[in-house]
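This report concerns only the one structure given below.
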Amino acid sequence: MSLIVQKYGGTSVANPERIKNVAARVAQYRQQNHQIVVVVSAMSGVTDNLIKMAKEILPLPDEREMDMLLATGEQTTIALTAMALQARGVPAISLTGAQAGIVTDGVHTKAKIQNITPKKIHELLKSGKVVIVAGFQGETPEGQITTLGRGGSDLTAIALAAALKADLCQIYTDVDGVYTADPRLVPGARKLPEISYDEMLELASLGAKVMQSRSVEFAKKFGVVFEVRSSLNDNPGTLVKEETKSMEDVVIRGVSLDKNQAKVTLSCVPDKPGVAARIFKALADAAINVDMIVQNVSPGSTQTTDLSFTVDKADLLKANKVIDGIKAEVGFNCIRANEKIGKLSIVGVGMRSHSGVAAKMFDTLSKIGVNIDMISTSEIKISVVIALEKAEAAMKAVHTAFLG
Ligand code: ASP
Ligand code: MG
């Protein structure tokens, strides 16, 4: 007998029919004598709708009340899921995050889990029940309801799997697993049987939004192996785990395209100490996340340089304003913004032990006439900024070059 944590996301519990479908799957596993803890999200769209209603009342609602409100989304699904299991004759009980022993700090709407006391869950499992836990929520030591940040049900599942020392953790979603590229954009994309935590994190931060990044970081820290799979079929999913030696044999695990970035270029920026610090401090103070930064090599003679960086498209207006505000003080010439860019990246731990990866990527792009605007690299990733209109074709070509 093993202990399994299963997490079902919003689309998997989107309506009573889907919830019955979840109950059928849980019942199947239980028949094989496993102990099962189920973590559920709110029905898809519910959390968004709650936020929308709150904002219709007040643009910046009190965060304690926001948590009180948002926690109701998951509370609806735990009760319905427990009922769906009971309807099949499976003993089941629902627990809020607090009842499940999930203790968090007091940072409302983005609380961090401090500890989990799994005693109650263990007792209920021993008594033969399936335990359904509300994802995304917890309680402070003082008894205030908190939520863990958007997408936080993933974190609940991973943290519970760690605390319960579960034998298996399954994350059920509306995709079959993690793919070598977005299958809607690249017809040749394949599902990966396995991927390392680091590769998964890079792909997530690059816009392949399969899971909340924080939960993958947590899984890495506590060594929780988990499987991402679909609740709509029985296909095996993708196993996410610590890197193994054989993972390095594959040069590239995946290709991703982020169309949500915009590029800002400052020209004739004085080439002296403190300038970059001033610019990026101003952006940081405005809570603008900067992704890629490229500065030209100083030519020496002109004493000025060009500086480009990318920000979320949603932050572009704000970034422009901030930069404009320090233009006179810093003394650069002009600001140019370009929203029509795509950031194309290849990711793989195999890059560490294979040479010529960047050359092959750039060669592939040159053959289809794609100009590279910016380049950045990490140990397991190469990213280029290119024109948006060519981004999808470039993605396909790079996928074919590395992954067939
Ligand atoms: N319902 C929450 C959200 O939409 C948490 C989750 O789905 O993981 O962000
Ligand atoms: Mg979700």
Side-chain angles (χ1 to χ4, degrees), residues 5-16 18-19 21-22 37-55 61 63-82 94-100 102 104-105 107-113 116 132-139 145-163 169-175 177-178 200-201 204-205 207-219 224 226-232 237 240 260 312 314:
V5 173
Q6 299 187 330
K7 182 256 172 179
Y8 293 91
T11 47
S12 303
V13 292
N15 53 47
R18 292 265 172 97
I19 291 178
N21 182 47
V22 165
V37 174
V38 178
V39 174
V40 284
S41 292
M43 294 173 167
S44 62
V46 165
T47 308
D48 286 339
N49 198 35
L50 291 170
I51 294 172
K52 188 167 152 262
M53 285 196 290
K55 292 199 165 153
E63 291 187 328
R64 177 191 179 277
E65 300 310 327
M66 211 52 200
D67 277 351
M68 191 62 90
L69 177 71
L70 295 188
T72 64
E74 272 68 14
Q75 210 166 316
T76 307
T77 34
I78 50 169
L80 292 174
T81 308
S94 63
L95 300 178
T96 63
Q99 288 174 332
I102 299 173
T104 73
D105 63 18
V107 185
H108 283 291
T109 76
K110 37 183 173 305
K112 287 209 170 70
I113 296 178
I116 297 181
I132 326 275
V133 180
F136 177 56
Q137 54 172 263
E139 179 183 69
I145 295 178
T146 50
T147 64
L148 308 175
R150 295 308 304 270
S153 299
D154 288 336
L155 186 59
T156 304
I158 301 283
L160 273 178
C169 179
Q170 300 174 317
I171 305 289
Y172 285 94
T173 174
D174 52 358
V175 293
V178 184
M200 180 83 173
L201 280 166
S205 70
K209 274 268 159 265
V210 180
M211 263 181 93
Q212 187 208 37
S213 295
R214 238 173 96 194
S215 59
V216 183
E217 274 159 20
F218 193 101
V224 179
F226 61 91
E227 186 189 10
V228 178
R229 54 185 295 175
S230 169
S231 64
L232 306 171
V240 187
N260 281 319
D312 257 18

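The first residue of the sequence shown is numbered 1, and numbering continues consecutively from there. In each ligand, atom 1 is the first atom listed, and ligand 1 is the first ligand listed. Keep in mind that what you see is a predicted model, and the values were worked out from it rather than measured.
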Checking heavy atoms under 4.0 Å, the part of Q212 that sits near ligand 1 is neither
Can you name the atoms of ligand 1, numbered from 1 with element, that are less than 4.0 Å from a heavy atom of [X]?
X    : value
R150 : 3 (C), 4 (O), 9 (O)
S41  : 6 (C), 7 (O), 8 (O)
E74  : 1 (N), 2 (C), 5 (C)

Rounded to the nearest 0.5 angstrom, the CG-OG distance for D154 and S41 is 7.0 Å
- Side chains of C169 and I158: does their closest heavy-atom pair fall under 4.5 Å? yes
Less than 4.5 Å apart, side chain to side chain, heavy atoms only: is that true for L232 and R18?
yes
| message | Under a 3.5 Å distance rule, please check whether D312 uses its side chain to pair with a backbone N or O of A314 as donor and acceptor. | response | no
ask   = Between S153 and ligand 1, is there a nitrogen or oxygen pair with a distance under 3.5 Å?
value = yes
Would you check the N or O atoms of T47, main chain and side chain alike, for any that come under 3.5 Å of an N or O of ligand 1?
yes
Under 4.0 angstrom from ligand 1, any heavy atom of G151?
yes
Any non-hydrogen atom of G135 lying under 4.0 Å from ligand 1?
no
Applying ring-ring contact (aromatic ring centres under 6.0 Å, His included) to Y8 and not counting sequence neighbours gives Y172
Residues E74 and S153: closest non-hydrogen pair is OE2-OG, 3.7 Å
